[in-house]
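See below for the structure under consideration.
Keep in mind that the numbers below use all heavy atoms, side chains included, and drop hydrogens, waters and symmetry copies. Along the sequence shown, the residues carry numbers beginning at 1.
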Amino acid sequence: MASVPSPYDTLGIPGFTFADLHQAARLRDLHARFVDAVKQDEPELWAQWAQHSEMPEALGAVARGNLIVAMAPHVSRFVSRLFSVGAEAEALVAATHAYDVLFRFKIDFVRRRALPLLKGGAHVEATAEDHAFVGPADALLEAKIAHLGCDLLDREAALRAEGSESDKAAVAAGIESLKRWCAAHLHDPRYRGWVVFRFPENLDYDHLVQITRPDPALQEQIVGPESKLRRRQGFQLTDARYTPRENLSEIHYCVLCHERDKDSCSKGIHDKAGAVAINPLGIPMAGCPLDEKISEMHTLRKRGDAIGALAIVTVDNPMCPGTGHRICNDCMKACIYQKQEPVNIPQVETGVLTDVLGLPWGVEMYGLLTRWNPLNIKRPYALPYNGKNVLVVGLGPAGYTLSHYLLNEGFGVVAIDGLKIEPLPDDITGTAIGGALQVAPRPIRDWSEIYRPTDERVLEGFGGVSEYGITVRWDKNFLTLIHLTLARREKLKIYGGVRFGGALPIDEAWANGIDHVAIAAGAGRPTIIDIKNNLIRGIRKASDFLMALQLTGAFKRDTLSNLQARLPAVVIGGGLTGVDTATELMAYYPIQVEKMLHRYDALVRDLGVTRVHGMLDPEEQGILDEFLQHGRVVKTERARAAAAGEQPDFVPMLRSWGGVTLAYRKRLQDAPAYRLNHEEVTKALEEGISVTENMNPVEAVPDEFGHVK
């Protein structure tokens, strides 16, 4: 069994230990060592970099981009030596270049030779000779066919200069056969995962989401195509993100615009007057709000250098675990591709992060790059404590990001949040007494040490809306990573369950050495709809529902949290919060009725039927009967699916009980969720919710018990 690494173990660069990486003075020494290494390896480059650091405005955008792309590999090699992961980093480079054949085949063979056969909607049937390519539609077959196609192209090129007619005919026949096979199977669902067959679709802004209207009598009702429905299971992660192969496919699709100062994904698209342009949905195409160097990141990752790519990301977006896939997409809105699907930049950004986290000491590498990053000319390493203290109110994305920047500038930070925040183990955060680090954090070798399945993960309370307002479409283990990274900072104290102005009056903050207060509490207030009876029982505000679901652990099978929801359910509003609420309610209902059935059976065994039912009033009895009936149906479906070796299919039964409907007062295309991030609408429809457009609520009608009917 491997020994637990000590914070004082020597690193790959002599004179430094893990503990040193958490000390501002030692980060300065580490930076000096890096400078010496670059000066020795490439003195001319360092001279250019030093000049750029002194006069950043002297270089144009293209020169700045090229310079950071040239310096990033030095950071990567230095970090690789520091953590002794050179072999693993080289293996990632080799694995990256192993995919090059796929992208060459995709462009030179599939796009240029096979796609023209489908022009104008033509259909191609595979011939008997083409069956030699048939096999399990997996990545091995994809690679085999790509190698075959590229080999045929190479042989064709060689034979042009010199070769017999029979050899040319044989190669031409092979190309023709493979070309027809590709054209015949390009849209075959069995090959949907192949990157060589994935080409961007043209954008129709009025039809970004595939929909059907199942009821001719209710044209306002919308559902997703039956073929796209997913069998979601509780609150496990619903979107596992792209694979490295798929991320590289997106990078190869990118045209690396920074080389021509056309990287609109970062800088936005502007009209002739210089104003930010507006897309057909009325959304400004301002690009990344952090000015992240996206094209430069793609350039490094395309070479296989994930560490260098992450170093570029963390210059402008040090809290990148909290962005990326399923969180933000401003960069995609401003991608240079405006008439066809954009590059999926958020997937790539998150992929770069997870590529590094997948390396030994990946958690430590990411953490170091938030405190020490030579590519950040404004602040290459965190400054020592300057004696000033800031109170940050709120630990959502704004609060934790502000805390990071304040710490790097040398401020002491006290961060408070109204939510209860679960502390992380002392051994991985380190312990401090009187603001000084006494025991350094135990280094984490593998990301799996702190990674937990989303339906088992401890609800930490850290992250504000990211913890309670975002669903398991996003991997909240990234919140744990941010929490850990900040909790290790020597001059940061985190306190949960504290409300500013209540439990902590402002005078008390001043009296305890606070020099400045920064309010990062977010919006918080739910939207109150002006309808009759809008606060009767059975109606909840969406933010309240999500908070109760996520923070109480109601979605876990072993919790006693009391969160009652009944079907049919209507979620009013067309924003992303409404979409999240609809999907989570759809997923929560089967768990709720199963838990009710399980607890009812246990109570009956202990107390008897008569006593259990004798404790209920007529309304409670009716709800219990409803839940028990539904719980038995869910239990039966689980047993059927287990016997068949497949996932249970709850969507038909949920729909038969009324399902979950998202009601919006305008067309779907006018809804904020559609305009801002239509992918979320697509994914929600895949989970079986319905949307009813052009519906404006006027009254909540109560039943005989005063509950919404």
Do the side chains of Arg230 and Glu686 get close enough for a salt bridge, i.e. N-O under 4.0 angstrom?
yes
Residues Arg232, Glu687: salt bridge by 4.0 Å N-O rule
yes
Sidechain-backbone polar pair: Thr454 side chain, Leu237 backbone, donor-acceptor under 3.5 Å:
yes
Quickly, which of Trp194, Phe197, Tyr191 forms a ring-ring contact (aromatic ring centres under 6.0 Å, His included) with His185? Name it, please.
Tyr191
Can you give the donor-acceptor pairs under 3.5 Å from side chains of residues 568-582 to other protein atoms, not counting sequence neighbours?
from, atom 1, to, atom 2, distance (Å)
Asp580, OD1, Arg473, NE, 2.9
Asp580, OD2, Arg473, NH2, 3.0
Thr581, OG1, Thr577, O, 2.8

Is any side-chain heavy atom of Pro321 closer than 4.5 Å to a side-chain heavy atom of Leu353?
yes
In the structure I gave you, are the side-chain heavy atoms of Arg326 and Pro346 within less than 4.5 Å of one another anywhere?
no
Report yes or no: do Glu246 and Thr243 form a side-chain donor-acceptor pair below 3.5 Å?
yes
Report yes if the distance between the aromatic ring centroids of Tyr337 and Tyr253 is under 6.0 Å, otherwise no.
yes
Ring pair (Phe, Tyr, Trp, His ring centres under 6.0 Å) with Phe109: which residues, sequence neighbours excluded?
Phe105
With Asp601, which residues qualify under side chain to side chain donor-acceptor pair (under 3.5 Å), at least two apart?
none
Show every side-chain hydrogen bond (donor to acceptor under 3.5 Å, both in side chains) that has at least one partner inside residues 214-227, sequence neighbours left out.
Glu226-Arg655
Mind running side chain to side chain contact (heavy atoms under 4.5 Å, CB included) on Ile470 and Ile327 for me, showing each step along the way?
CA-CA 9 Å; Ile470 296 175; Ile327 296 294; 3.6 Å; yes
Is the closest side-chain heavy-atom distance between Val472 and Asp455 below 4.5 Å?
no
Taking side chain to side chain donor-acceptor pair (under 3.5 Å) as the definition, give me every residue that meets it alongside Lys595, ordered by chain and number, with sequence neighbours left out.
Thr559
Tyr589 ring center near His630 ring center (under 6.0 Å):
yes
Do the side chains of Glu646 and Arg640 get close enough for a salt bridge, i.e. N-O under 4.0 angstrom?
yes
Does a donor on one side chain and an acceptor on the other come within less than 3.5 Å for Thr661 and Thr692?
no
Could I get the full list of side chain to side chain contact (heavy atoms under 4.5 Å, CB included) partners for Arg452, not counting sequence neighbours?
Arg457, Asn477
Under 4.5 Å between any side-chain heavy atoms of Arg665 and Asn694, yes or no?
no
Donor-acceptor pair between Asp625 and Gln621 side chains, under 3.5 angstrom
yes
Please determine whether the number of non-hydrogen atoms from other residues, nucleotides or ligands lying under 6.0 Å from atom NZ of Lys635 exceeds 12.
no
So, Asp330 and Lys333, do they make that salt bridge, N to O below 4.0 Å?
no
Assess the residue pair Glu201 and Lys339 against the criterion (salt bridge (Lys or Arg N to Asp or Glu O under 4.0 Å)); give the C-alpha distance rounded to whole Å, side-chain angles, the decisive distance to 0.1 Å, and a yes or no.
CA-CA 9 Å; Glu201 301 286 343; Lys339 295 184 178 180; over 6 Å; no
NZ/NE/NH1/NH2 to OD/OE distance under 4.0 Å, Glu142 and Lys106
no
I'd like to check the side chain to side chain contact (heavy atoms under 4.5 Å, CB included) partners of Asn202; sequence neighbours left out, ordered by chain and number.
Gln340
By side chain to side chain contact (heavy atoms under 4.5 Å, CB included) - contacts of Glu594 (at least two apart)
Arg557, Val634, Arg638
When you compare the side chain of Asn317 with that of Glu349, does any pair of heavy atoms fall below 4.5 Å?
yes
Would you mind writing out the side-chain donor-acceptor pairs for residues 544-554 within the sub-3.5 Å range, not counting sequence neighbours?
from, atom 1, to, atom 2, distance (Å)
Asp544, OD2, Arg540, NE, 3.3
Asp544, OD2, Arg540, NH2, 3.2
Gln550, OE1, Lys476, NZ, 3.0
Thr552, OG1, Ala548, O, 2.3
Thr552, OG1, Ala554, N, 3.4

Close side-chain approach of Gln564 to Arg566, heavy-atom, < 4.5 Å:
yes
Modelled atom types, side-chain donor and acceptor of Glu292 and Ser266, under 3.5 Å
no
Thr682 versus Gln210, side-chain donor and acceptor atoms under 3.5 Å:
no
Once salt bridge (Lys or Arg N to Asp or Glu O under 4.0 Å) is applied, what residue pairs with a partner in residues 266-275 remain, sequence neighbours excluded?
Asp261-Lys267, Asp263-Lys267
Aromatic ring centroids of His613 and Tyr600 under 6.0 Å?
yes
Show me the side-chain donor-acceptor pairs of residues 278-289 shorter than 3.5 Å, one per line, residues at least two apart or across chains.
from, atom 1, to, atom 2, distance (Å)
Asn279, OD1, Leu281, N, 2.9
Asn279, OD1, Gly282, N, 3.1
Asn279, OD1, Ile283, N, 3.0

For the side chain of Glu250 and the backbone of Asn247, is there at least one donor-acceptor N/O pair under 3.5 Å apart?
no
Could you walk me through whether Thr480 and Glu460 pass the side chain to side chain donor-acceptor pair (under 3.5 Å) check?
CA-CA 8 Å; Thr480 301; Glu460 297 166 15; 2.6 Å; yes
Under 4.5 Å between any side-chain heavy atoms of Pro618 and Phe705, yes or no?
yes
Among pairs that include at least one residue of residues 700-709, which meet side-chain hydrogen bond (donor to acceptor under 3.5 Å, both in side chains), considering only residues two or more places apart or in two chains?
none
Are any side-chain N or O atoms of Tyr674 and backbone N or O atoms of Leu208, one a donor and one an acceptor, separated by less than 3.5 Å?
yes
Taking the side chain from Thr401 and the backbone from Ala398, do they hold a donor-acceptor pair closer than 3.5 Å?
no
When you measure from the side chain of Gln233 to the backbone N and O of Pro648, does any donor-acceptor pair fall under 3.5 Å?
yes
